[in-house]
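What you see is a predicted model; the values in this text were computed from it and never measured. Residue numbers start at 1 and run along the sequence shown. Note that ligands are numbered from 1 as they come in the structure, with each ligand's atoms numbered from 1 the same way.
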Amino acid sequence: MDATRSIEEALEQFGQDFAARFDAATSEQTLRDEKASVLGKKGKLTEILKLMGKVPAEDRRRIGEQVNALKDAVESRFEARLEALRRQRREAELNAPPFDLSMPPRLLAPRGHRHPLSQTQDDLLAIFRDLGFLSVEGPEVELEENNFTKLAFPPDHPATDMQDTFWVDVQGAPSGARTLLRTHTSAVQVREMSSRPPPMAIVSSGAVYRRDDDITHSPMFHQVEGFLVDRRVTFGHLKAVLDAFATRLYGPGTRTRFRPSYFPFVEPGAEVDVSCVFCGGQGCRVCKQTGWIEILGCGMIHPAVFEQCGLDPEAYSGFAFGLGVDRIAMLRYGINDIRLLYENAPRFLTQF
Ligand code: FA5
């Protein structure tokens with residue numbers, strides 16, 4: 001058989017084969033592989049063209065045209081098959097069950113949550129905001145006068161002692177002023193009463209510091225402070241607000257008890273107990289068989305404090321209260337050692 005004849009037969013056979021192979025490809029990748037095996041450097045057509053050298057000159061042009069026509073046929077068959085495969089894939093997607101967008105994602109890392117102290121603090125603040133109190137913040141590094149002097153602490157009061165208070169040096173503090181880590185949030189009373197006109201109902205919370213350290217006392221802990229100043233405010237208003245607070249915190253039926261107590265910046269002053277949330281007042285281990293749990297200190301703002309803040313004690317009266325957030329959180333979650341709240345051990349924190 002001469003070269004022209006055998007190349008023509010090969011081309012004919014090739015023309016029949018490649019179309020079937022393209023049609024059999026079921027993915028874009030296999031289709032592209034098939035195309036490469038036809039037109040590529042080591043492809044079938046390249047193989048056939050190696051015979052060209054043996055074809056007599058007068059047949060070459062004709063054979064060349066056949067080869068070019070075949071190449072065009074390969075390209076257009078490839079494009080058509082590619083388009084068909086893409087259409088099929090799109091239709092399959094459209095007919096498949098829809099994605100469930102509401103399905104929760106798989107989490108790569110366990111999701112965290114707010115610290116039990118933050119949760120408690122947020123809940124306490126929310127109660128007072130609902131009762132109409134404006135929430136403000138005060139600094140943790142304070143002037144002695146805001147923390148003690150203007151709150152009518154005498155200069156030799158034991159709380160001001162080095163044994164009880166963390167005194168700090170602050171660059172840029174007014175000359176002669178002493179600075180400390182605030183020992184209570186009552187300093188916020190001084191800041192607000194000195195800077196805004198009554199009436200005001202304000203709540204504030206944050207970290208405070210004392211030289212304490214045992215299972216119920218931590219060197220850093222948290223307080224919520226509330227106070228209200230207006231004309232003709234009475235102890236009755238204070239009781240009503242704290243009763244409403246206790247009911248919202250511990251549920252209907254919770255009773256409060258006011259016991260006389262002393263704080264230099266209030267007169268009269270009181271400690272407030274709530275009926276034990278664990279035994280309902282019957283007496284249990286938590287309330288040490290008394291039926292009551294102490295939760296805060298409060299009182300009517302002392303006239304001397306109004307004077308220190310530039311308010312007329314004859315014109316205005318007001319009440320204030322302060323409570324320990326850590327203590328409320330310990331009661332709420334049954335935590336018996338305050339230090340657990342500050343160790344940040346995951347095995348502890350994940351329980352809340
Ligand atoms: C005060 O700090 C007053 N400023 C509260 C106040 C405000 C009274 C307004 C009147 C008017 P006291 O020192 O009792 O009061 O502290 C309040 C609460 O903070 C305590 O009942 C207790 O729950 C909590 N507390 C005190 N020291 C610590 C401590 N070291 N660790 C954890 N909680 C503490």
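Of the charged side-chain nitrogens involved, at least one lies within less than 4.0 Å of a carboxylate oxygen, so that Arg21 and Glu34 count as a salt-bridged pair. Residues Arg114 and Asp122 are paired through a salt bridge, judged by an N-O separation under 4.0 Å between the basic side chain and the carboxylate. Residues Arg5 and Glu8 are paired through a salt bridge, judged by an N-O separation under 4.0 Å between the basic side chain and the carboxylate. Using a 4.0 Å cut-off between charged nitrogen and carboxylate oxygen, Asp337 and Arg339 count as a salt-bridge pair.
Using cut-offs of 30° and 60° for the angle between ring planes, the Phe319 and Phe321 rings count as parallel. Taking the six-membered ring where the residue is Trp, His222 and Tyr342 present parallel rings, their angle staying beneath 30° rather than reaching 60°.
For the residues Gly322, Ser261, Ala270, the heavy atom positioned nearest atom 7 (C) of ligand 1 is part of Gly322. The option from Gln223, Met220, Arg182, His217 that lies nearest to atom 17 (C) of ligand 1, judged by heavy atoms, is Gln223. Here the shortest heavy-atom distance to atom 12 (P) of ligand 1, taken over Gln189, His184, Arg210, belongs to Arg210. With atom 23 (O) of ligand 1 as the reference point, the heavy atom nearest to it among Glu225, Met330, Arg327 is part of Arg327. Among Phe319, Phe227, Phe221, Tyr209, the residue whose heavy atom lies nearest to atom 27 (N) of ligand 1 is Phe221.
The nearest heavy-atom contact from the protein to atom 18 (C) of ligand 1 is Gly324 N, 3.8 Å. Closest protein heavy atom to atom 3 (C) of ligand 1: Phe265 CZ, 3.8 Å. When only non-hydrogen protein atoms are considered, atom 15 (O) of ligand 1 lies nearest to Phe263 CE2, 3.4 Å. Closest to atom 31 (N) of ligand 1, if we only count protein heavy atoms, is Ser218 N, 3.0 Å.
At least one N/O-N/O distance between Ser186 and ligand 1 falls below 3.5 Å.
Distance check for atom 20 (C) of ligand 1: every protein heavy atom is found at 4.0 Å or beyond.
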Just list the side-chain donor-acceptor pairs under 3.5 Å for residues 242-251, sequence neighbours left out, or say none.
from	atom 1	to	atom 2	distance (Å)
Asp243	OD1	Thr256	OG1	2.4
Thr247	OG1	Asp243	O	2.9

